[in-house]
2 protein chains.
Amino acid sequence: MPDRQLAKTLANGLNLLILLSRQEGDASLDELTKLAGQSKTACFRLLATLKEMNFVEQDAQSKRYRLGAQNISIGASALNSLSLRHVAMPFMEKLRALSDETVNMSVLEGTDIVFVARLEASHIINTRHRIGERLPAHCTCQGKAIMAFSPPEKLERLLGQINLRAVTEHTLATPQAIKKELALIRRRGIALNAQELEKGLCAVAAPILDYSGYAVASLNIAFPLLRHSQQEAIEDFAPAVAKACQEISRLLGCTRPAPFEPQG
Amino acid sequence: MPDRQLAKTLANGLNLLILLSRQEGDASLDELTKLAGQSKTACFRLLATLKEMNFVEQDAQSKRYRLGAQNISIGASALNSLSLRHVAMPFMEKLRALSDETVNMSVLEGTDIVFVARLEASHIINTRHRIGERLPAHCTCQGKAIMAFSPPEKLERLLGQINLRAVTEHTLATPQAIKKELALIRRRGIALNAQELEKGLCAVAAPILDYSGYAVASLNIAFPLLRHSQQEAIEDFAPAVAKACQEISRLLGCTRPAPFEPQG
DNA sequence: ATCACTTGTTCCGATTATCGGAACTGCGTT
DNA sequence: AACGCAGTTCCGATAATCGGAACAAGTGAT
């Protein structure tokens with residue numbers, strides 16, 4: 001996997017950090033050793049280093065490892081340095097006022113999306129995502145919106161990496177199906193999630209593009225089909241989301257023209 | 001630097017990540033090279049590795065580095081798995097060693113505080129609170145410390161809900177009195193409980209703030225006036241409690257500066 | 001209570017990954 | 001056009017990493 005000259009030790013250490021974050025709660029040295037596929041000694045040394053720098057903590061009695069407070073501090077810093085959030089927030093507030101449904105912003109990280117901002121609807125029945133949470137990109141309209149407006153070579157690489165497990169019966173299951181869907185999204189400027197992630201959950205998303213004309217993030221409105229039909233979403237929400245994203249993109253220096261058939 | 005067997009490459013890479021997070025916004029390779037005190041080549045390789053794993057991003061045109069989305073995801077994971085208790089425990093142990101009095105941590109729930117961690121003094125005469133126990137927030141220094149550093153709208157809501165029964169003759173009895181007291185606490189960074197809950201019981205508390213700059217919990221040292229005077233508490237315990245809480249807050253991503261007159 | 005077994009930790013030599021200097025590239029300025 | 005500057009690549013010497021073996025400390029079973 002290492003094509004270029006990369007710092008292998010650093011990569012191994014970071015990999016342990018990622019494994020630990022994907023783990024529920026804490027993990028033992030042995031568990032991490034097996035997950036990472038390395039020697040016990042190497043893992044031990046790497047974890048000792050991570051511990052020294054507060055990236056992991058070790059329980060005094062059980063000796064199990066968990067994520068340290070350093071990650072919280074750096075994560076908060078990463079959120080703050082995202083100028084996107086500040087630019088987008090007023091638009092997200094407008095969208096929520098319009099829809100009274102939850103508005104999310106996500107970025108693409110590998111084959112997953114990560115939530116970076118969120119304004120919740122006032123309803124009790126709601127989506128339960130949190131900032132920092134990740135989801136498979138191809139199962140979400142936010143992920144599809146970003147992928148549809150990504151550079152072709154990046155997209156090809158992603159399609160090769162995507163784990164095509166079907167989350168519901170509506171999930172796109174083949175690279176061909178995804179490509180066809182992305183072409184449609186590219187024409188319309190809008191991505192739809194019709195129960196692909198969870199039954200009864202629907203959402204519309206549009207991409208936020210930067211000066212290069214490619215997507216850096218996406219905004220969506222998510223809602224249960226209890227309150228709105230898919231048709232309502234397309235007619236009422238989609239144009240508003242698309243317009244908000246176009247304005248944000250313009251603020252980021254994007255000059256790419258909007259697609260021709262936003263109404264599809 | 002410790003002499004132990006640590007993975008130096010990993011440490012150097014993590015150090016770059018920390019430097020980047022302390023930086024306002026982004027940083028160039030040269031800047032990071034100087035800050036880290038390393039060769040340009042080494043930094044470049046480490047940053048390339050960090051980039052590969054989405055811990056940093058690189059702007060396509062300016063080549064400058066900024067924190068990547070991976071940190072947001074891991075930070076959120078850390079927040080969930082690492083309870084406040086784990087972060088605060090070592091600091092609480094230090095406070096108890098310093099004072100040989102009982103150290104408590106509480107969070108606010110409604111108009112009450114709830115004890116979530118506790119280290120007891122060795123003395124026989126002692127406070128008898130237990131983890132999970134609740135007390136009216138406005139009668140305790142812990143509650144006042146949290147309220148003083150809560151969002152204004154939340155505070156207003158609370159003040160309307162508080163049941164203003166006077167527990168002792170020293171208890172704050174009107175919203176005006178409470179507001180005045182909270183303003184004082186906000187300036188000093190320290191909350192005092194002078195027999196407001198029980199005759200002869202005194203305590204000093206400071207707030208623990210998260211990345212938003214608002215309080216999520218508070219720490220106190222509680223003791224009977226038998227062993228220390230109120231003046232001793234202000235001179236000896238208050239600065240230690242304030243310092244501990246500031247350090248914990250920083251670990252949680254708080255950047256809010258400490259108040260100006262911690263000694264009041 | 002003892003023994004076997006699991007998990008975490010230390011030691012040490014061989015190997016290999018890392019480091020830093022020098023050289024190359026691309027870009028903006030004088 | 002030449003220069004300087006920042007980022008990137010190349011390459012050999014060196015120093016750091018790795019993994020096996022041994023040790024320590026618990027844990028559970030006989």
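Here is how names work: the chains are called A, B, and so on, in the same order as the sequence lines, proteins then strands, and each is numbered from 1.
Residue whose closest nucleotide on DNA chain C sits further toward the 5' end, between Ser28(A) and Gln38(B): Ser28(A). Take the nearest nucleotide of DNA chain D for Thr9(B) and for Leu29(B): the residue whose nucleotide is more 5' is Leu29(B).
At distances below 3.5 Å, at least one donor-acceptor pair connects side-chain atoms of Gln70(A) with backbone N or O atoms of Met53(A).
Residue Asn12(A) places none of its side-chain N or O atoms closer than 4.0 Å to OP1 or OP2 of dA17(C).
In the helix from dA1(C)-dT30(D) to dT30(C)-dA1(D), the rotation axis of the first five pairs and that of the last five pairs differ in direction by 40°, rounded to 10 degrees.
Rounded to whole angstrom, the span from the CZ atom of Arg45(B) across to the P atom of dC11(D) amounts to 14 Å. Atom-to-atom, CZ of Phe44(A) to P of dC11(C) comes out at 11 Å; the value is rounded to the nearest Å.
Listed nucleotides dC18(D), dA6(D), dT9(D) differ in distance to Ser39(A); the shortest reach to its side chain belongs to dC18(D). Set against dT9(C), dT17(D), dG19(D), the side chain of Ala7(B) has dT17(D) as its closest nucleotide. The side chain of Lys63(B) lies closest to dG7(D), out of dG20(C), dG7(D), dG8(C).
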Ignoring hydrogens and angles, write down the donor-acceptor pairs under 3.5 Å from the side chains of residues 140-150 of chain A, residues two or more places apart or on other chains.
{"residue": "Thr140(A)", "atom": "OG1", "partner": "Ala137(A)", "partner atom": "O", "Å": "3.1"}
{"residue": "Thr140(A)", "atom": "OG1", "partner": "Gly143(A)", "partner atom": "N", "Å": "2.9"}
{"residue": "Gln142(A)", "atom": "OE1", "partner": "Ser106(A)", "partner atom": "N", "Å": "3.4"}
{"residue": "Gln142(A)", "atom": "OE1", "partner": "Ser106(A)", "partner atom": "OG", "Å": "2.9"}
{"residue": "Gln142(A)", "atom": "NE2", "partner": "Ser106(A)", "partner atom": "OG", "Å": "3.2"}
{"residue": "Lys144(A)", "atom": "NZ", "partner": "Glu181(A)", "partner atom": "OE2", "Å": "2.8"}
{"residue": "Lys144(A)", "atom": "NZ", "partner": "Leu192(A)", "partner atom": "O", "Å": "2.8"}
{"residue": "Lys144(A)", "atom": "NZ", "partner": "Glu196(A)", "partner atom": "OE1", "Å": "2.8"}
{"residue": "Lys144(A)", "atom": "NZ", "partner": "Glu196(A)", "partner atom": "OE2", "Å": "3.1"}
{"residue": "Ser150(A)", "atom": "OG", "partner": "Ile146(A)", "partner atom": "O", "Å": "2.8"}

With 3.5 Å as the limit, what N/O pairs link the protein to nucleotides 21-24 of chain D?
none

Using nucleotides 27-30 of chain C, report all nitrogen or oxygen pairs with the protein that are shorter than 3.5 Å.
none

*asked:* Would Ser99(B) and Asp236(B) count as a side-chain hydrogen bond (donor to acceptor under 3.5 Å, both in side chains) here? Give the steps.
replied: CA-CA 8 Å; Ser99(B) 62; Asp236(B) 298 334; over 6 Å; no
Candidate pair Ile208(A) and Val87(A), rule side chain to side chain contact (heavy atoms under 4.5 Å, CB included), full reasoning: CA-CA 11 Å; Ile208(A) 296 174; Val87(A) 179; over 6 Å; no
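Relative orientation of the Phe223(B) and Phe237(B) rings is perpendicular, given thresholds of 30° and 60° on the angle between their planes.
Salt bridge status for Glu247(A) with Lys243(A): present, with a side-chain N to carboxylate O gap under 4.0 Å.
Gln58(A) comes within contact range of the sugar-phosphate backbone alone, with a heavy-atom separation under 4.0 Å but no base atom that close.
Applying the side-chain hydrogen bond (donor to acceptor under 3.5 Å, both in side chains) criterion to Asn220(B), with sequence neighbours excluded, gives Asn104(B). Under the side-chain hydrogen bond (donor to acceptor under 3.5 Å, both in side chains) criterion, Asp112(A) pairs with Arg134(A), not counting sequence neighbours.
Among Gln58(B), Arg64(B), Arg66(B), the single residue meeting the side chain to side chain donor-acceptor pair (under 3.5 Å) criterion with Asp26(B) is Arg64(B).
Crowding of Arg22(A) atom CZ: a count of heavy atoms from other residues, nucleotides or ligands under 6.0 Å exceeding 12. For Arg227(B), the CZ atom sits in a packed shell: over 12 heavy atoms of surrounding residues, nucleotides or ligands are nearer than 6.0 Å.
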